[in-house]
Amino acid sequence: MNYKRHLITAALPYANGPVHIGHLAGCYLPADIYVRYLRSKGSDVKFVCGSDEHGVPITIKAKKEGVTPQQVVDKYHKIMGDAFKEFGISFDIYSRTSSKIHHQTASDFFKVLYEKGSFTEQTTEQYYDEEAKQFLADRYIVGTCPKCANENAYGDQCEKCGTSLSPTELISPRSTLSGAKPVLKKTKNWFLPLDKLSPDIKKYIEQHPDWKPNVYGQCKSWLDSGDGLQPRAMTRDLDWGVPVPVPGAEGKVLYVWFDAPIGYISATKELTSNWASYWKDKETRLIHFIGKDNIVFHCIIFPAMLMQHGDFILPDNVPANEFLNLEGDKISTSRNWAVWLHEYLIDFKDKQDVLRYTLCANAPETKDNDFTWKDFQAKNNNELVAILGNFVNRTLVLTHKYYEGKVPEAAQYIKEDLLILEEVARFPDKIAQALEAFKFREALAEYMNLARLGNKYLAETEPWKLIKTDAERVKTIMNISLQITCNLAVLGEVFLPFTSEKLFALLNVNPLKWGGAKQTNNMPAGHLIRKEELLFSKIEDTEIDIQIQKLQAAKKKNEEQVSAIASAKTAISFEEFEKIDIRIGTVLEAEKVKGADKLLKLLIDTGLDKRVIVSGIAQFYTPEEIKGKQVSVLVNLAPRKIKGIESQGMILMAQNQQGELSVVAPVKNNVNNGAGVK
RNA sequence: GGCGCGGUAGCUCAGUUGGUGAGAGCGCAGGAUUCAUAACCCUGAGGUCGGGAGUUCAAAUCUCCCCCGCGCUACCA
């Protein structure tokens, strides 16, 4: 289909920390390359982004730092915006969701859906802090992780062992606001009934089988697997965000994932009075660049919202990337395992394009990928310096040496010249084809092939020899080399904008559009170029070692922190302790619970009786291993059904920092089944 | 356990309507060369295409089973 215009969005980064290479590689860099390409082709395109500034983590950070949420987002909005700018991410607007225009837009959007009856109201029980007099978001509740005993697990996830949790799973939960023990209290919220919308969403997804396999596959998985889509709350009990604009919603705000994608709309509004044509005209192509963590929101929830609203076009493509790892480990903000853009700029001043190049060449397009400093160095030294930089330098040096910097005339083309020119002229289309398929690695590799072609041309024609015997011929060779250099500047603008700019300056030429690179006469004879200057410089081992050491230091620091032992729980009386009845028992039989990864069904002789206990130890004990072993059994725990099996008690396990379990049992063999543990 | 994506040369990846002896870049080895940041250029070595079974005249490509990585999901008192 031929579109009149494009609207490109890049995921709104969450304003609670700076930007790292994973963000860049996964989302902002490919988006920027794509947009630069569209602009270079002369397309009507808008590129919008902004900070995502609502949600619970920001309020927590604010509390921790003793500042207001607004101060937190102001700080990171600036840091992130500056980092993007420094790396040449060419947003037409970098807005923010705390802006007035966004609040208005999001609020209006919600109202439309509300009035259309799109939402269902549901009353659920949520933890409530009676001292602070407010409902507690999952993140506001901390407690002991049932899996790894980390005392500071959040209500939605334990950051130590990575388990996702629900607040009610936490052992001894407490409010981070007041420290009080939260109580369950009823609250009403508005849900988007995705289950009912599922057929429309499915139809929409199935219209796009051309989406990247990871994206399409994951959407299908969400739609088809298990119980399918579930209703999702679009409002929250919180005081930081866009107030819910309907009666009876005091103290509630829009769910951050409801308001964030609307941020794309508000940013467009802020950018241009013509915003509606980018959002409501079927001839506009809407593309969301995101990381894989956002697929469900951009492919399912946001389109569902847009469909319900009715006025807007739907995303035509969502080319999500996978994740970038760093030196073999997952990038982690909290563990400081990251390369921060603002720090990179200090250590590698004016080397934005080197990082852009490395991240694009190694982009996690089809699967998670690894960034290593060694590879970064190799790509700089062996590719940017040796292939691209070197070709340009050879050409410029020879031009000055032979012609005092003036472009010589191509007197007469011979057959091999014509072949080269023909090949050179094909590059814009070749690269474009890859870009349009969101194959950025391939596009970049193709771009480098143009520089390779130039090097090869010089090596084969050997102008430095011919200059002594056939000076006329050399003019043509150098003319062609200069044309290639110019085209490298044109096509390089999308990948390496800083280098491209520098190159145009060296060539003393005004930047050309994409189609210009199909020409091989952009440098007219007699045109004076500037004195050569290196485009790239080698990166030495010492510079790389510094970075690696920096990471090792972060790792060491983490290990030290992890080894901290959780402090003791609050005191109980002896009477309370006496209520607990622990006995020694022997495992008679053990088998895996089918359909569950972590569960073993145990038959235990407790001395009192033989009873069935289901225990989540399958990852640490095979049935054969545990069979016949003595264990400690909490025998007076209320029975509970697990996976359809009634579990009568629990067996006690010791758990180490890694969450690994070990049976707690007598160390002498003089204890009978039924013996009490005191 | 279920679902999705992926597992191809040392590294990063191309390659499926099944069919010329399985490819590219980087790395490595050798050669050639000096205009160029010891760069470029040429040649070469290197692969049980995760493992096994099957369908077929023919499978990296189709089917089944298994293993590994990433993610979602269930279970974990």
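Per chain, numbering begins at 1; letters A, B, ... match sequence-line order. What you see is a predicted model, and the numbers here were worked out from it, not measured in a lab. Just so you know, these numbers use all the heavy atoms, side chains as well, and skip hydrogens, waters and symmetry mates.
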Practice task
Determine: side-chain N/O of A:Lys465 to OP1/OP2 of B:U33, distance under 4.0 Å, yes or no.
Solution key: no
Exercise for the section: Might you confirm whether atom CD of A:Glu532 has over 12 heavy atoms from other residues, nucleotides or ligands at distances under 6.0 Å? Expected result: yes
Problem - First of A:Val215 and A:Gly649 reached from the 5' end of RNA chain B, by closest nucleotide - result: A:Val215
Problem - A:Glu322-A:Asn369 side chain donor-acceptor pair, cut-off 3.5 Å - result: no
Problem - Interatomic distance at C1', B:G1 relative to B:C75, whole Å - result: 9 Å
Practice task
Can you sort out the partners of A:Tyr357 under ring pair (Phe, Tyr, Trp, His ring centres under 6.0 Å), two or more places apart, ordered by chain and number?
Solution key: none
Handout entry: side-chain contact (heavy atoms from CB on, under 4.5 Å) partners for A:Lys502, two or more places apart
Key = A:Glu533, A:Leu535
Fill in the blank from the handout: note: A:Asp293, atom CG; B:C5, atom P; distance rounded to Å ~ 19 Å
Problem - Atom P, compared across B:A32 and B:A22: separation rounded to whole Å - result: 32 Å
Practice task
Have a look at A:Leu535 and say if it touches a base, only the backbone sugar-phosphate, or nothing, with a 4.0 Å heavy-atom cut-off.
Solution key: base
Practice task
Could you go through the side-chain hydrogen bond (donor to acceptor under 3.5 Å, both in side chains) check for A:Asn380 and A:Gln377 one step at a time?
Solution key: CA-CA 5 Å; A:Asn380 178 75; A:Gln377 181 190 26; over 6 Å; no
Handout entry: B:C28 to B:U20 separation - P atoms, rounded to the nearest Å
Key = 33 Å
Problem - Partner nucleotide, any strand, of B:A32 [Watson-Crick/G-U, under 3.5 Å] - result: none
Exercise for the section: Indicate, with a heavy-atom threshold strictly under 4.0 Å, whether A:Thr372 touches base, sugar-phosphate, or nothing. Expected result: nothing
Exercise for the section: Could you work out the separation of B:A39 and B:C5 based on their C1' atoms and round it to a whole Å? Expected result: 40 Å
Practice task
Quick one: label A:Pro213 by what it contacts on the DNA or RNA (base, sugar-phosphate, nothing), any heavy atom closer than 4.0 Å.
Solution key: sugar-phosphate
Handout entry: Given B:C72, B:C76, B:C3, the nucleotide with the shortest approach to the side chain of A:Ser221
Key = B:C3
Fill in the blank from the handout: Mate of B:U12 across any strand shown (Watson-Crick or G-U wobble, both atom pairs under 3.5 Å) is B:A24
Problem - Nearest-neighbour nucleotide for the A:Val385 side chain, B:U37, B:C72, B:A74 considered - result: B:U37
Completion exercise
Scanning all shown strands, the Watson-Crick or wobble mate of B:C49 with both distances under 3.5 Å is none
Problem - From CG (A:Asn321) to CG (A:Asn294), nearest 0.5 Å - result: 12.0 Å
Completion exercise
Of B:U34, B:A39, B:G1, the nucleotide closest to the side chain of A:Lys538 is B:A39
Handout entry: A:Gln230 CD - B:C72 P separation (whole Å)
Key = 17 Å
Fill in the blank from the handout: A:Phe323 atom CZ is separated from B:G69 atom P, nearest whole Å, by 18 Å
Please list each protein N or O that sits under 3.5 Å from an N or O in nucleotides 40-42 of chain B, with the distance.
| residue | atom | partner | partner atom | Å |
| --- | --- | --- | --- | --- |
| B:C40 | O4' | A:Asn390 | ND2 | 3.2 |
| B:C40 | O2' | A:Arg394 | NH1 | 2.5 |
| B:C42 | OP1 | A:Lys456 | NZ | 3.2 |

Handout entry: Partner set under ring pair (Phe, Tyr, Trp, His ring centres under 6.0 Å) for A:Tyr402, not counting sequence neighbours
Key = none
Exercise for the section: For A:Asn381 and B:A38, give me the distance from atom CG to atom P, rounded to whole Å. Expected result: 11 Å
Practice task
Using whole Å, report how far CG of A:Leu324 lies from C1' of B:G71.
Solution key: 16 Å
Problem - Test: A:Arg232 and A:Asp195 ion pair at under 4.0 Å - result: no
Practice task
In sequence, state the C-alpha distance, the side-chain angles, and the governing distance for A:Lys379 and A:Asn362, and then conclude on side-chain contact (heavy atoms from CB on, under 4.5 Å).
Solution key: CA-CA 10 Å; A:Lys379 287 221 153 45; A:Asn362 256 340; 4.2 Å; yes
Handout entry: Touch class at under 4.0 angstrom, heavy-atom based, for A:Leu534 against every strand present
Key = base
Exercise for the section: Report yes if a side-chain nitrogen or oxygen of A:Lys330 is closer than 4.0 Å to either non-bridging phosphate oxygen (OP1 or OP2) of B:G71; otherwise report no. Expected result: yes
Handout entry: Whole-Å C1' distance, B:A53 and B:G47
Key = 23 Å
Exercise for the section: Could you measure between the two C1' atoms, the one in B:G25 and the one in B:C62, and give it in whole Å? Expected result: 31 Å
Exercise for the section: Between B:G6 and B:U16, how far apart are the C1' atoms? Round to whole Å, please. Expected result: 15 Å
Practice task
Assign A:Tyr402 to base, sugar-phosphate, or nothing according to its heavy-atom contacts below 4.0 angstrom with the strands shown.
Solution key: nothing
Exercise for the section: Would you mind reading off the distance between A:Gln377 atom CD and B:A39 atom P, rounded to a whole angstrom? Expected result: 12 Å
Practice task
Tell me what A:Glu383 touches on the nucleic acid: a base, only sugar-phosphate, or nothing, going by heavy atoms under 4.0 Å.
Solution key: sugar-phosphate
Problem - Protein-nucleotide distance (A:Asn321, atom CG; B:C70, atom C1'), rounded to Å - result: 14 Å
Practice task
Could you tell me whether A:Lys430 sits above the aromatic face of A:Phe427, with NZ or CZ closer than 6.0 angstrom to the six-membered ring centre and within 45 degrees of the axis?
Solution key: yes
Practice task
Would you confirm whether the ring centroid of A:Phe348 sits within less than 6.0 angstrom of the ring centroid of A:Trp373?
Solution key: yes
Practice task
Treat primed atoms plus P, OP1 and OP2 as sugar-phosphate and everything else as base, then score nucleotides 8-15 of chain B 5' to 3': B for base contact with protein heavy atoms under 4.0 Å, S for sugar-phosphate contact only, - for none.
Solution key: ----SSSS
Practice task
Provide, to the nearest angstrom, the distance between the CG atom belonging to A:Asn449 and the P atom belonging to B:G23.
Solution key: 18 Å
Completion exercise
By the Watson-Crick or G-U definition, both distances under 3.5 Å, B:C70 is matched with B:G4
Handout entry: Whole-Å P distance, B:G27 and B:A38
Key = 15 Å
Handout entry: Listed partners of A:His288 passing ring pair (Phe, Tyr, Trp, His ring centres under 6.0 Å), at least two apart
Key = A:Tyr264, A:His298, A:Phe302
Fill in the blank from the handout: When both distances are under 3.5 Å in a Watson-Crick or G-U wobble arrangement, the nucleotide paired with B:A77 is none
